[in-house]
Structures are given as C-alpha cells and as structure tokens.
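We number each residue from 1, following the sequence as shown.
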Amino acid sequence: MTADSMKRIFPLLCPVLFFLIMPLPVSSSVLKQAQEPAVLAGWGSTDVRYPRESASVRECPLTQALSMRVWRGESVPAQAVVCTGAGHSIDSLSVSLADLPESFAVRAGFVGYVMTDELNRDGSGGCGYRRKADFDSSYVADPIDHLTEIMAVPENSVQPIWLTVDVPEDIPAGKYDGRVMVYDGKEEIASLKFSLSVSGRTLPQDNPFHLDLWQNPYAVARYHGVAPFSPEHFALMRPVMQLYADAGGKAITASITHKPWNGQTYDPFESMVTWMRKADGTWWFDYTVFDMWVEFMMSLGVDGQINCYSMVPWKLSFQYFDQASNSFRFLDASPGDREYEEFWTRMLRSFAGHLREKGWFDITMIAMDERPMEDMLAAVAVIKNADPDFRIAFEGNCHEELLDVLDYYCIPVWDSYPDGSVAKRRAEGKVTTYYTCCSESWPNTFTFSYPAEAEWIGWYIAARDLDGYLRWAFNSWPGDPMHDSRFTAWAAGDTYLVYPGGLSSIRFERLKAGITAYRKIMALREEFIRTGNKAGMARLEKALSLFVLPDADALRRHVIDRDMPDMASDAVNAAKKILDRL
C-alpha cells in the first residue's frame with residue numbers, strides 16, 4: 001500500500017482503533033455496588049439518633065472496635081449499627097454475645113422509630129397547644145425493643161442496636177474483652193469487638209440521687225383496654241414501673257383529687273381517694289385504690305416518698321360524690337376561702353389517721369405543682385392546722401418565703417436557689433431538686449432532643465450540688481405512643497420517657513447514665529474531702545466546670561439550628577475523660 005493510500009484510509013480507521021483501545025463504559029450504579037459492601041455493621045455512638053434510611057452504606061461511619069472505662073457495679077450503654085445497601089436486605093437480624101465472662105450481664109434491644117416534631121419556631125421552647133400540620137415532622141430513633149429477638153431489615157436501611165453491660169460489683173479490676181456477633185439467620189454478618197477497662201472503684205450501692213418521674217397508671221389501663229387497678233392492670237404496669245424502680249425512682253405519684261392538672265394528659269388522672277358527702281351531711285373517705293397503688297409501687301422498690309396531688313389543682317374545683325342526690329358535684333373554692341379550709345381540713349385529718357395506720361405518714365407529702373406563692377402559703381396554713389406534722393412538696397419557681405416551709409422543693413433548671421440554702425436544707429433532712437418540662441428548649445428529653453442532653457442533666461445537678469431531678473411525665477402516653485410521640489400540647493416526647501410493655505428509650509437510658517455520673521461524682525467528692533485529696537478535688541471541679549447553662553442568645557441559636565455542634569455531648573464526653581483519670 002502506498003503512502004498516499006494510507007493517508008486516505010487512516011482517517012477511516014481512527015474511530016475503530018479508538019473504540020478498540022478505550023475501556024468499556026461502566027454505569028455509576030455498577031461502580032457503586034462494586035465499591036460498597038452489601039451490609040455493614042459496626043459500633044456507632046450513643047450520642048447519635050441514626051436515621052431510619054440511608055442512600056448508601058458509606059453514610060454509616062462506624063468503627064469495628066469499642067473501648068469503655070467503667071466502675072464495678074456500673075451499667076454502661078453502647079450502640080451498634082447495621083446498615084444495608086441497595087438491593088440487599090436482612091431477613092432475620094439477631095445478635096449474640098461471645099467471650100465476655102458470664103458474670104457480666106448484657107442486654108440488647110433493637111432501636112425503633114417514632115414520629116417527632118420540633119420546638120416552637122419562635123424559639124420559645126416546646127410549650128403550647130399545636131396542630132401537627134404546623135410543625136415539621138419526621139421519624140426519629142428512640143424506643144428500645146429488648147423483647148424482639150429477630151428483626152427484618154429492608155434495603156437501604158439503618159438498624160441500631162442498643163446494648164447495656166452490667167459490670168459485676170465483685171469482679172477484679174482489669175481489662176475484659178468481648179464480642180457482639182451479628183447474624184442474618186445463621187450467617188455471620190460481623191463480629192464486633194469491645195473491651196471494658198474495669199476500675200478498682202465500686203459504684204456505691206446506696207443511690208443518693210432523688211429521681212421523681214411522675215407515673216400515670218391510667219395511661220396503662222387505657223392503652224391495654226383493661227379496668228383500672230384490676231389484676232390485669234397491675235400485671236401490665238409491672239414491667240413499665242419496674243423501669244422506674246430500677247433507675248432509682250424514689251417518689252410515688254398519687255392523685256388524691258379529680259384531675260389535679262385539669263386533664264393536661266391524654267389520659268387524665270382520677271382521684272385515688274373516694275370523697276363522699278353522705279346523706280346526713282357527714283363525710284366519708286375511702287382509700288382502697290390509693291392503698292393498692294402505693295403497695296404495688298412499694299413492692300417494686302419505690303418506697304422513699306409518696307407525693308399526693310393536689311390541694312391547689314390547676315382548676316380550683318373539687319369533685320366529690322353527693323349521696324343525697326346520687327351524683328357528682330363540685331366545690332369551687334380557693335385557698336384562703338372558708339369553704340376551702342373546711343373542705344380540706346376534714347379530708348387531711350382523716351388522711352393523716354389512715355397514713356399513720358399504714359405506717360406511711362412520715363414519707364407522705366401533700367404536693368402542689370406550679371401554683372402562685374400566695375396560694376401556696378394559704379394551703380400550707382390549712383395543712384399545718386389539720387396536722388402540724390404533715391410534710392409538704394412543691395414544684396415551681398423559687399420563693400425564699402417557701403424555703404423553710406417545704407420538705408421537698410423542686411425548681412426549673414434555669415432557676416436558682418439562694419446561696420447556702422441547699423446545704424441548709426440538706427442538713428435539715430429536706431430534699432432540693434431541679435426539673436425540666438415543655439418550657440426548657442435545652443437541655444431536655446424530647447424525642448428530637450440530642451441524646452446527650454438527658455445525661456447532661458445529671459452532671460449539671462451534680463455541678464450545682466442538688467439532690468436530684470423531676471420530670472412531670474414518665475409514661476403519660478399519647479394515643480399511639482409506639483409510632484407517634486407527638487401530642488396536641490407541647491413538643492413531641494414531652495409526655496413520656498418509656499414505652500408500653502416495659503420498653504426503654506434512648507432518652508431514658510442516657511438519663512440513667514447521667515444519674516450514674518452523679519453517683520460517681522458524689523462518691524469521689526466524699527472521698528476527696530475525707531482524705532484531703534486537693535489535687536483530686538481540683539480535677540473533679542474542673543470536670544464539673546464544663547456544665548454551665550449557655551446564655552440566652554447562644555441557647556436560642558443552638559436550639560433553632562440543630563446543625564450546630566452538640567453542646568451536651570461535647571461537655572459530657574470531655575468530663576468523662578477527666579473522671580476516668582480519677
């Protein structure tokens with residue numbers, strides 16, 4: 001072939017040669033599947049609520065090993081995460097434990113998802129009646145199902161697994177290794193290693209933290225469709241209330257009037273005491289339900305305090321049964337009124353006699369919640385006139401006039417007690433605590449709150465040297481608590497911390513972790529004072545100095561912009577590192 005003919009043919013051959021030497025195109029989906037594993041399992045963080053769905057396995061930043069420093073007698077949480085890729089699902093996800101000595105108790109539960117909403121958009125918190133359509137809603141990780149042993153996981157999904165390790169009190173200090181085995185049926189998906197560095201310190205058995213989470217037996221009855229305080233009701237309440245008892249719950253919530261909070265919950269509180277005006281004009285009080293409820297809670301180990309609500313309900317109208325008319329009637333009266341004093345003096349004197357017969361008088365408190373100081377002082381006068389030895393509890397703003405009057409005083413977390421008053425009250429055997437409710441944007445225990453906020457509360461209470469924490473709703477469930485944590489009033493999750501059937505939650509587990517931190521801090525503080533360990537005390541105070549409430553502007557920016565760094569986990573994790581070195 002001549003040079004001229006080659007010149008003519010070469011342009012025709014170039015496209016063919018280029019096609020033969022270049023690599024064949026590969027679709028992006030094929031490349032993605034080649035680069036990603038079908039299923040990924042690893043250790044996540046207890047600070048994170050993992051999303052229910054994931055577009056890519058690579059969106060699950062997990063580790064394959066976990067190290068934890070613990071005290072003997074401590075319960076420590078961890079979170080494993082399983083992620084599935086496109087086109088890959090898991091039919092029968094399960095987990096088991098390997099290697100760790102049998103003396104360690106490990107509980108595992110699949111984390112579920114519920115509908116949540118958000119704070120008020122003006123930054124005012126989570127209070128106020130709301131329409132669901134007015135708030136952004138989404139699914140969020142919260143309930144922990146320890147009863148289900150096998151779980152199906154669809155493709156492009158995330159399945160968190162919450163684990164709790166109970167460290168024996170008598171185990172020698174040292175390092176202990178274990179593995180969490182993750183399976184799909186009989187096929188092993190992953191072997192997740194973890195180690196526990198057990199300190200020579202032991203968590204004291206005595207729990208000084210005064211935990212007061214208001215229990216609602218009526219919610220359990222409604223949810224399961226059983227008669228209140230029937231044998232079936234008590235059986236269904238046992239696993240729910242046992243969670244509270246095991247967390248160190250100290251106070252029993254008892255309602256001695258009809259709707260003491262004017263029906264603010266989905267299931268209103270009824271009176272556990274029957275008030276009846278007989279046909280001859282005399283009064284009769286029946287305590288059968290009250291006794292059954294108190295005895296039940298005491299059987300679980302909650303026996304430190306009985307809070308009886310309320311002499312000053314949110315609506316000053318008191319229901320009683322009128323035998324003459326065979327109907328319920330109401331007395332509308334306010335503290336300071338003669339009718340109010342007569343009405344309550346009769347009941348309180350009868351109640352005092354009954355409590356003494358049962359041996360409960362010394363732990364019973366006549367309790368009021370968020371009422372004006374003038375009403376409180378008037379009610380206190382009636383109580384002390386009926387029986388001067390009655391003890392009194394109050395949750396609300398701090399008033400110096402009430403500090404010497406109240407045996408149990410609980411104020412909002414943003415409020416403060418006068419200098420020296422807490423130590424004085426403690427020396428007198430009085431309890432002084434904090435609470436959060438819908439009005440606290442941060443820290444709180446909404447279903448959309450950062451998980452570490454619940455633990456932060458325990459550290460903050462230790463830093464302020466208070467006795468404990470109150471939350472107004474332990475289990476006041478909305479209509480469908482297993483699927484939707486939203487409510488017609490207040491931000492999602494405000495009305496409950498645990499779920500039907502005795503299922504815990506991420507929020508409740510982190511709250512318990514904060515209580516454990518408090519117990520450690522109190523033990524260390526007592527030891528350092530007793531031994532004169534100034535260096536240890538200085539390091540402890542450095543850890544506690546991390547827990548201060550942010551100023552109002554910074555807090556408002558933080559709670560509105562949920563993409564900002566998690567202030568709670570930053571403080572908790574930094575303080576833990578200091579505590580671990582002690």
Side-chain angles (χ1 to χ4, degrees), residues 117 120 125-132 212-229 233 237 240-241 251-276 289-290 293 307-322 327-335 340 343-344 347 366-372 375-376 379 393-396 410 435-439 446 470-481 484-500:
D117 53 24
N120 298 332
C127 296
Y129 285 86
R130 51 181 56 203
R131 295 189 314 151
K132 293 178 179 179
D212 182 3
L213 307 175
W214 293 359
Q215 314 99 57
N216 187 344
Y218 302 96
V220 181
R222 183 269 309 171
Y223 182 83
H224 292 284
V226 297
F229 307 106
H233 185 203
M237 284 196 291
V240 177
M241 302 308 168
I252 301 170
T253 308
S255 48
I256 60 173
T257 58
H258 172 70
K259 293 185 177 180
W261 295 283
N262 199 27
Q264 69 169 343
T265 51
Y266 189 92
D267 302 285
F269 287 73
E270 299 295 341
S271 178
M272 295 179 180
V273 175
T274 299
W275 300 56
M276 185 171 73
V289 171
F290 175 85
W293 169 241
N307 284 346
C308 300
Y309 295 93
S310 168
M311 275 187 66
V312 192
W314 287 17
K315 182 180 180 181
L316 289 168
S317 183
F318 302 95
Q319 177 182 277
Y320 63 93
F321 184 77
D322 182 61
S327 63
F328 284 104
R329 292 194 172 180
F330 291 86
L331 170 68
D332 295 334
S334 302
Y340 177 93
F343 186 80
W344 275 102
M347 188 273 178
I366 306 303
M368 280 76 68
D369 171 49
E370 293 185 335
R371 299 295 84 198
D375 287 350
M376 281 297 303
F394 175 63
E395 301 87 35
C410 183
Y435 72 86
T436 62
C437 62
C438 65
S439 60
F446 305 124
L470 177 150
R471 195 70 172 75
W472 75 275
F474 178 63
N475 70 303
S476 286
W477 299 322
D480 186 12
D484 194 343
S485 68
R486 297 172 298 175
F487 188 49
T488 55
W490 314 299
D494 189 34
T495 65
Y496 66 114
L497 286 166
V498 298
Y499 290 80

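With Trp275 as the partner, the ring pair (Phe, Tyr, Trp, His ring centres under 6.0 Å) test is satisfied by one option alone out of Tyr320, Phe343, Phe321, Phe328: Phe343. For the side-chain contact (heavy atoms from CB on, under 4.5 Å) test with Thr265, the passing option among Asn475, Asn216, Thr495 is Asn216; the others fail.
Take Cys437 and apply the disulfide bond (SG atoms under 2.5 Å apart) test, not counting sequence neighbours, and it matches no residue. The salt bridge (Lys or Arg N to Asp or Glu O under 4.0 Å) check on Asp484 picks up Lys132, Arg486, with sequence neighbours excluded.
Rounding to the nearest 0.5 Å places CG of Asn120 at 11.0 Å from OG of Ser439. Interatomic distance, Arg222 CZ to Asp267 CG, rounded to the nearest 0.5 Å: 4.0 Å. Note that the CG atom of Leu331 and the CG atom of Leu316 stand 10.0 Å from one another [nearest 0.5 Å]. Interatomic distance, Tyr496 OH to Trp472 CH2, rounded to the nearest 0.5 Å: 12.0 Å. A distance of 6.5 Å separates CZ in Phe474 from CG in Leu213, rounded to the nearest 0.5 Å.
Nearest approach of Pro217 to Met272, heavy atoms of both residues: CG-CE, 3.8 Å. Closest heavy-atom contact between Phe487 and Pro478: CD1-CB, 4.3 Å. Residues Tyr499 and Pro481 approach most closely at CE2-O, 3.1 Å, considering heavy atoms. Residues Phe290 and Cys308 come closest through the heavy atom pair CE1-SG, 4.0 Å. The two atoms that bring Cys438 and Trp490 nearest to each other are SG-CD1, 3.2 Å, heavy atoms only. When every heavy atom of Lys259 is checked against every heavy atom of Pro313, the shortest pair comes out as O-CB, 4.4 Å.
No side-chain donor-acceptor contact under 3.5 Å links Tyr223 to the backbone of Pro500. Looking only at distances, a side-chain donor or acceptor of Thr253 sits under 3.5 Å from a matching main-chain atom of Gln215. The backbone N or O of Met368 lies less than 3.5 Å from no partner atom in the side chain of Ser310, so there is not a single donor-acceptor pair. Not a single donor-acceptor pair under 3.5 Å links the side chain of Asp322 to the backbone N or O of Ser327.
A donor and an acceptor atom, one from each side chain of Asp332 and Ser317, are located under 3.5 Å apart. A donor-acceptor contact closer than 3.5 angstrom links the side chains of Asn307 and Asp212.
Using cut-offs of 30° and 60° for the angle between ring planes, the Tyr309 and Trp214 rings count as tilted. Using bins of under 30°, 30° to 60° and over 60° for the plane-to-plane angle, the ring pair Tyr340/Trp344 lands in the tilted bin.
Salt bridge status for Asp494 with Arg471: present, with a side-chain N to carboxylate O gap under 4.0 Å.
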| Criterion side-chain contact (heavy atoms from CB on, under 4.5 Å) on Glu270 and His258, from CA distance to verdict | CA-CA 5 Å; Glu270 299 295 341; His258 172 70; 2.7 Å; yes
| Can Phe394 and Glu370 be said to form a side-chain contact (heavy atoms from CB on, under 4.5 Å), step by step? | CA-CA 7 Å; Phe394 175 63; Glu370 293 185 335; 5.7 Å; no
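Here the two rings, on Tyr266 and Tyr218, have centers that are 6.0 Å apart or farther. With ring centers used as reference points, Trp261 lies under 6.0 Å from Phe269.
Here the side chains of Met237 and Trp293 are in contact, with some heavy-atom distance below 4.5 Å.
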